> 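I'd like to ask some things about the structure below.
Numbered from 1 within each chain, the chains take letters A, B, ... in sequence-line order. The shown structure was predicted, so the numbers you read here are calculated from the model rather than taken from an experiment.
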There are 4 protein chains.
Amino acid sequence: MEILGGPLFAVAGAGESHGPAVTTIVFGCPPGLYIRRQEIQAYLDRRRPGSNKHGTPRREADKVILLSGLYQEDHERLLAGGEIATWVDGVESRTEGYEEGFSTGEPIAAVVLSTSKRSGDYAQFAGPTGEVRPGHTDLVKYHKSRGFVDVRGGGRSSYRSTISDVIGGSIARRFLADHFGTAILSSISQVGPLQAPTSLAEHFGRWLAEHPGQAIPQDEIQRVLARLEAAEIYTLDADFAHKAGQLIKQTRIEGDSLGAAVEVVAVNVPPLVGEPLYQSLKVRLMGVLGGLNAVQACEIGAGVAVVARRGSENNDPIRSTGYQRNSHGGLIGGITTGMPLVCKVSFKPTSTIVKPQQSVRKNLEEIEFQLQKGRHDPCVGVRAGVTLESRLAIELMNAVLMHQAQRVDVSQFRLFPQGVPDPSAP
Amino acid sequence: MEILGGPLFAVAGAGESHGPAVTTIVFGCPPGLYIRRQEIQAYLDRRRPGSNKHGTPRREADKVILLSGLYQEDHERLLAGGEIATWVDGVESRTEGYEEGFSTGEPIAAVVLSTSKRSGDYAQFAGPTGEVRPGHTDLVKYHKSRGFVDVRGGGRSSYRSTISDVIGGSIARRFLADHFGTAILSSISQVGPLQAPTSLAEHFGRWLAEHPGQAIPQDEIQRVLARLEAAEIYTLDADFAHKAGQLIKQTRIEGDSLGAAVEVVAVNVPPLVGEPLYQSLKVRLMGVLGGLNAVQACEIGAGVAVVARRGSENNDPIRSTGYQRNSHGGLIGGITTGMPLVCKVSFKPTSTIVKPQQSVRKNLEEIEFQLQKGRHDPCVGVRAGVTLESRLAIELMNAVLMHQAQRVDVSQFRLFPQGVPDPSAP
Amino acid sequence: MEILGGPLFAVAGAGESHGPAVTTIVFGCPPGLYIRRQEIQAYLDRRRPGSNKHGTPRREADKVILLSGLYQEDHERLLAGGEIATWVDGVESRTEGYEEGFSTGEPIAAVVLSTSKRSGDYAQFAGPTGEVRPGHTDLVKYHKSRGFVDVRGGGRSSYRSTISDVIGGSIARRFLADHFGTAILSSISQVGPLQAPTSLAEHFGRWLAEHPGQAIPQDEIQRVLARLEAAEIYTLDADFAHKAGQLIKQTRIEGDSLGAAVEVVAVNVPPLVGEPLYQSLKVRLMGVLGGLNAVQACEIGAGVAVVARRGSENNDPIRSTGYQRNSHGGLIGGITTGMPLVCKVSFKPTSTIVKPQQSVRKNLEEIEFQLQKGRHDPCVGVRAGVTLESRLAIELMNAVLMHQAQRVDVSQFRLFPQGVPDPSAP
Amino acid sequence: MEILGGPLFAVAGAGESHGPAVTTIVFGCPPGLYIRRQEIQAYLDRRRPGSNKHGTPRREADKVILLSGLYQEDHERLLAGGEIATWVDGVESRTEGYEEGFSTGEPIAAVVLSTSKRSGDYAQFAGPTGEVRPGHTDLVKYHKSRGFVDVRGGGRSSYRSTISDVIGGSIARRFLADHFGTAILSSISQVGPLQAPTSLAEHFGRWLAEHPGQAIPQDEIQRVLARLEAAEIYTLDADFAHKAGQLIKQTRIEGDSLGAAVEVVAVNVPPLVGEPLYQSLKVRLMGVLGGLNAVQACEIGAGVAVVARRGSENNDPIRSTGYQRNSHGGLIGGITTGMPLVCKVSFKPTSTIVKPQQSVRKNLEEIEFQLQKGRHDPCVGVRAGVTLESRLAIELMNAVLMHQAQRVDVSQFRLFPQGVPDPSAP
């Protein structure tokens, strides 16, 4: 099943790159969360390819319409979320989507239509003589599915499928923010050989060292967000952003592509969540972050650097106000400590390049592969941040609900007032 | 998670009675199944309230549009499945849905819009002083969700949610029919005190006794389907159908409602499927059939009648051509024997009645409840057949895939021809 | 996976009828429940075949040893739960099991050894010429597993596997009793044609009608338990118990077997639990109760009787003190109302009989089947009560945890006192 | 639930460091695999702390006894797997475990007893004034469980819990080897600052370059295994192994600890397995390898090095004989290509050190923490290889079964020969 997260908070996704729509169902949002479509839309806008100067020059509206799971008695506000219509078998159906309302605990469905039309652009890739793009899933998916594969734009293996991640993540973020003040941010930390001079982990680490035992205030978080959004690519340091932007532009001209690393950090994290061992939050985060398309590595806390350390350096001292450092990246034994969750993800250079490459047809006949047409995003990592943030949010929210499930409070099980059983009665 | 079936073939659903849409994602259909939207639509048409003379007099189009998971190179046929458009934030997006194509193994999403509009019809039920309809989920769902509940038409507890079951079931039926010739039928066996004189189990049982060891031919199945569809309500016996129809009509006039029993039967069932014990097909079918809205009992094979039997009567003799009787209802130890799967389900009388009843407001203040307006289906059981068939199909298909997973054939794991490892090599 | 319940509270089981042991792992018991091995043992003693006059005359000790998941600082009490030793490869390992302690939230493992030894008793059933016992899983499991099947005593399809159910259920019952005063009881309601004159549902229904809005006190529950245990078979009415006992005895002499029906009831049930629709508590209970070995029907509340009713009879009136009747059997929309959970299960007559029957060998060669030796329990239903109670407890407990997960209380997420984020801070 | 892998092949584990036993249930092994206890034992022996010169100087026998899921008609061989006995409530039960037999498809249970006895060693850690070891789970688990935690040796967070991983992995490896010739190996690639001069990926990469399109023969695999086992620590290069061994010894003397990196590689991997996106094999491997205790990073293929590469360098050329390089590490789009699966995992230095550290009591009172007694393994990474191999095997096997499930072959669904339905019949 195409399910992210779970078993308590989970996101189901469907939809291919050039299919009619990406469909999403979000399960397990507790009743009573006030959800605004505009907030989800804002995250989707960040995800959209055309949303930064260095992404694919493809324009997609990616407007989301919400189709279930919300309610409020003010139907005007509830039903202000756009319109949707179908024309099928000569019958028109038309209705309004949800703009804002309280979650009811029921699944929240969302649809984002694609505006791409049918086309002959994909003749190069179709059928047993279709060409295989190196680095892409073309060959394995063709043979896995015995040829029954949607060849348009990579089918479901496209980054377009992450629309579902972002929708689910938006809801999780709202929940975590409302309950714990949690904020989840990302910053590009490397583009090709260029490394960012600073990181979110360092930035927030300094703040926490100066304010022991305090939660990070929302205005501090807003200041950091403003810096990230102001930069030429989504990163803390404007100068690095500019240089990286130049490198991306140059690499695109050369018909080549670049790798990137992205740091994703959550602050004001509820402690004690993440079941131990086989389903720990560490297992889950490594899986969803490290398993994202094009990712080849995932690090938590000090990451690969720990190998060269001694225990006496790496163990984080503990005082009554909290952990004094964060080599552990917010997780010990796969359980949150309340320190920032710190993850870093390494993306390979975009597989789609203009330069010619050795490849085969799907029937394994050898060819010199040359991309004929199509869009080309020279550094896929630079717009992955919002997806990583979303996946982290989904897993963190699921872990919060899992922890709460272990703290049974009998007062939450009441209907008729007199009928509450008292187990201590004779 | 709102998931039917699984882990291999599964259906996710979302959507409330009077919300914008019912959204469905079907997971795990293997690649290569040819799926036609018209076939799914036909099952949805059977499910629709206005589809028989004795259901709710509500008119819904319930047109399905398919949004992912299909493909074929003939884009004209693929994309002939109607149009869908959204208007959100001033942006129009418009695209075509899928009409027919091969499954790709990716999730298949489907949307059915509701044509109902916002209304003040639900003031009677809104808020803490909202009235509770006896027999409905109003009270428990209000308190479970701390008041954050969609009160329109029962919200997600409505039969409208079974649209997802039917969509998923349609795909499972196509798969089972193509591979095994399996057909799944239902027949109303009782309406209030009126009992049908015959049953599908008896009908097919006679056929099998006369044709030992044979599969039931498709024309025989078609004859039975024709009888079911010709009757006034969906049942084998026209005379019983007529009497039951009269009783339903009379009961509606009286402002009251009726229970019903429905038999659901699969023939040409692949044997050997259903993992034993905790996830056996018996566990699964009892759950999904017996757990459907308004159901109070589920029987398999001879059902409650077995209690009064001796083992020497109840054990089904076995010959080289197969089982000689079907008291076991097609399952022994929760595994299919290849005999027809025979289930029977007992529906309570529709909870919505016009007669006044003792009830409370959601704040537990006592009232004399009187339905003010709204539609009223006096015998919910009579249109449940297609949902039961669908749920059976979903579980049977999942069980087929589970069985296949245990029969690993190394020839199914090939990409480069030379590279097939040979474990017996030195 | 052989998992009962879940995803939050779940029981994994392993072990065959005549294998070395039944092994059980119980997942998801929250930390802090005080668990006594003696209590689990008492339920296992009720389950044991030799535990009533009318079961299999096989003597099994079925002593349970607990191997993980408990703790208390008093190691003397913790480690007083017997000893376990292995001798493997010439190495003896020996340790003590847990007698009582607090759950830690970690999985609780339990082993019950079998004392049966290897034997030639099963030659009649071994290999492709092995004989098939009508009504048993012999034939389907042989072909499903391509012959790799443990033929001794039905392998894992034996009732012996329900040891895991009972262990898991014992822990769930303790949790439910401690938190809500919940008690789960069963009573045999029919043996062959003999019907019990009363039922638990009626008994507790009367009590509740006389004490509106009150929880059933523990002494009342104890009185009912005493009646059940005093009777010749586990049922409320001593006279019925005696007649049924005579019938069972007579049927055994005749070499035949009898069906039975068993009612299982929970009182002082926490309301509001059971997620709606696809995973409702009704779906779950129908599945686990109706899916138990030898069961052919499962009813909830008024069960099959609802078919012949009108809505005006069947809808349960509601007053400020609670529901006034319990046709709904404690579940509306698959969610608990706080009224007793009332289920009834129909067991087929034991498949193993002495009378000769038509059957085949596993290679489908026809035979006249005659049981050569082996034990024979003429009415399997009469000792199934404790298993049904256990399965109900497991699902109810899982549903309780699922409900709690939706009620997030931020005060349950604290580690360092100052570090609690305040989402309303600027 | 403590489940590794799944939903088709899965391993459940239970048991704490100093509890009576580690209990394991392996689900979903298809029937017909010949399993030898001695083979599982051999992997457990590699896992055992005392198994190399540089691990914890604790002696554990870790003898495994198998209690279910195997069978063969030769009961002498089946039941030669040692003896197990319990003494509970004055009753002795004693039986033999399984030594070798065919899997039946039923769950395989295994128990490994601990020989450690009760002791007062843990007074330093008990209760609210118990001391917290920096880097360990002591603090979070104490507060997560509200104090109900087994403080002995880290409870379930100990490496001892990986016994279950190794048992499950042993069965998966046997299955993969029998069907595909798959072998899974690991090699320590770094200890503290010392880096190994070679790697398994390079070694097998060279072999494949010289033998395009061929499977790696078993004798070549055996040669590599012999080198690994001969070295002072489990790594390919003897010289590096010696220097690393000296460093570990010296670091232990200094009361400190070291990080390590371990490479884990599978060769002769069945291609086409791993469902795409949310449950891809990449998601799964990142999760189970990166989520193991003490791991801070997981890399697949070229790992973090890809960030600094261009696409033209990183894309692996494809010829008719296969991929020409393996930057992708055997996975494209989360699906196996048949090239070696290459993963690398970074372990932090062992948290337990002798040097004094700043810490707190569980009640957050500040202390200078000094380890009083207890065993100390200065480089936990060096014995983690067999666990990593096991986890990889479990996920790969599950992915194989998932792929097979999508390739339905109707000839695998037969019981009575005549009764096979023919879907093409009229």
Side-chain angles (χ1 to χ4, degrees), chain B residues 2-4 132 134-135 137 140 143-144 157 161 190 192-193 256-257 259-261 272 276-278 280 282-283 286-287 290-291 296-304 306-312 314-315 317-320 332-333 335 337 346 348-351 353 355 357-360 364 366, chain C residues 2-4 132 134-135 137 140 143-144 157 161 190 192-193 256-257 259-261 272 276-278 280 282-283 286-287 290-291 296-304 306-312 314-315 317-320 332-333 335 337 346 348-351 353 355 357-360 364 366:
Chain B
E2 283 286 33
I3 303 275
L4 260 182
V132 169
T137 61
V140 284
H143 287 275
K144 183 172 185 53
S157 301
S161 64
Q190 189 173 347
D256 212 334
S257 63
L272 308 183
L277 296 183
Y278 295 157
S280 79
K282 190 169 72 171
V283 170
M286 285 279 190
Q296 298 287 158
C298 184
E299 302 171 73
I300 288 182
V304 298
V306 298
V307 177
R309 291 187 183 169
R310 298 279 166 128
S312 52
N314 194 62
N315 283 350
I318 320 174
R319 301 283 76 188
S320 63
I332 289 186
I335 300 169
T337 62
S346 296
K348 69 178 182 181
T350 311
S351 296
I353 58 175
K355 292 189 168 176
Q357 302 170 83
Q358 289 194 326
S359 189
V360 291
L364 303 181
E366 298 185 351
Chain C
E2 284 286 34
I3 303 276
L4 260 183
V132 169
T137 61
V140 285
H143 287 275
K144 185 173 184 53
S157 302
S161 64
Q190 189 174 346
D256 214 333
S257 64
L272 308 182
L277 296 184
Y278 295 156
S280 78
K282 191 169 73 171
V283 170
M286 285 280 190
Q296 297 287 158
C298 184
E299 301 170 73
I300 289 183
V304 297
V306 296
V307 177
R309 290 186 184 172
R310 298 278 166 128
S312 53
N314 193 62
N315 282 351
I318 320 173
R319 300 284 77 188
S320 63
I332 289 187
I335 300 169
T337 63
S346 296
K348 69 177 182 183
T350 311
S351 297
I353 57 175
K355 290 188 170 178
Q357 300 169 83
Q358 288 193 324
S359 189
V360 292
L364 304 180
E366 298 186 352

> Return the option, out of P317(B), A302(B), G259(B), with the maximum number of heavy-atom pairs under 4.5 Å with chain C.
G259(B)
> Answer with side chain, backbone, both or neither: which region of I3(B) has an atom nearer than 4.5 Å to a non-hydrogen atom of chain C?
backbone
> Given the options S161(C), G301(C), A260(C), which has more heavy-atom pairs under 4.5 Å with chain B than any of the others?
A260(C)
> Which pair of heavy atoms, one from S280(B) and one from G291(C), lies closest together, and at what distance?
OG-O, 4.4 Å
> Taking atom CG of D256(B) and atom CD1 of I353(B), what is their separation to the nearest 0.5 Å?
5.0 Å
> Please name all residues satisfying side-chain contact (heavy atoms from CB on, under 4.5 Å) with Q190(B), sequence neighbours left out, ordered by chain then number.
Q195(B), A261(B), V307(C), A308(C)
> I'd like to know which of Q357(B), E299(B), K282(B) tops the heavy-atom pair count under 4.5 Å against chain C.
K282(B)
> Which atoms of S312(C) come close to chain B, meaning under 4.5 Å heavy atom to heavy atom: side chain ones, backbone ones, both, or neither?
both
> Between E2(B) and chain C, which part of the residue has a heavy atom less than 4.5 Å away: side chain, backbone, both or neither?
both
> Please check: side-chain N/O of T350(B) versus main-chain N/O of S257(B), any donor-acceptor pairing under 3.5 Å?
no
> Looking at every heavy atom in both G135(C) and S351(C), which two are closest together, and how far apart are they?
O-OG, 3.1 Å
> Answer with side chain, backbone, both or neither: which region of K348(B) has an atom nearer than 4.5 Å to a non-hydrogen atom of chain C?
both
> How far does OG of S346(B) sit from CD1 of I300(C), to the nearest 0.5 angstrom?
12.0 Å
> If you count heavy-atom pairs under 4.5 Å between each of P134(B), C298(B), G333(B) and chain C, which one has the most?
C298(B)
> Between N314(B), L277(B), V360(B), which has the largest tally of heavy atom pairs under 4.5 Å with chain C?
L277(B)
> Does I335(B) have any side-chain contact (heavy atoms from CB on, under 4.5 Å) partners at least two apart in sequence or in another chain, and if so, which?
V140(C), K141(C), K144(C)
> With respect to chain C, which residue among E366(B), R319(B), K355(B) yields the maximal number of heavy-atom pairs within a distance under 4.5 Å?
R319(B)
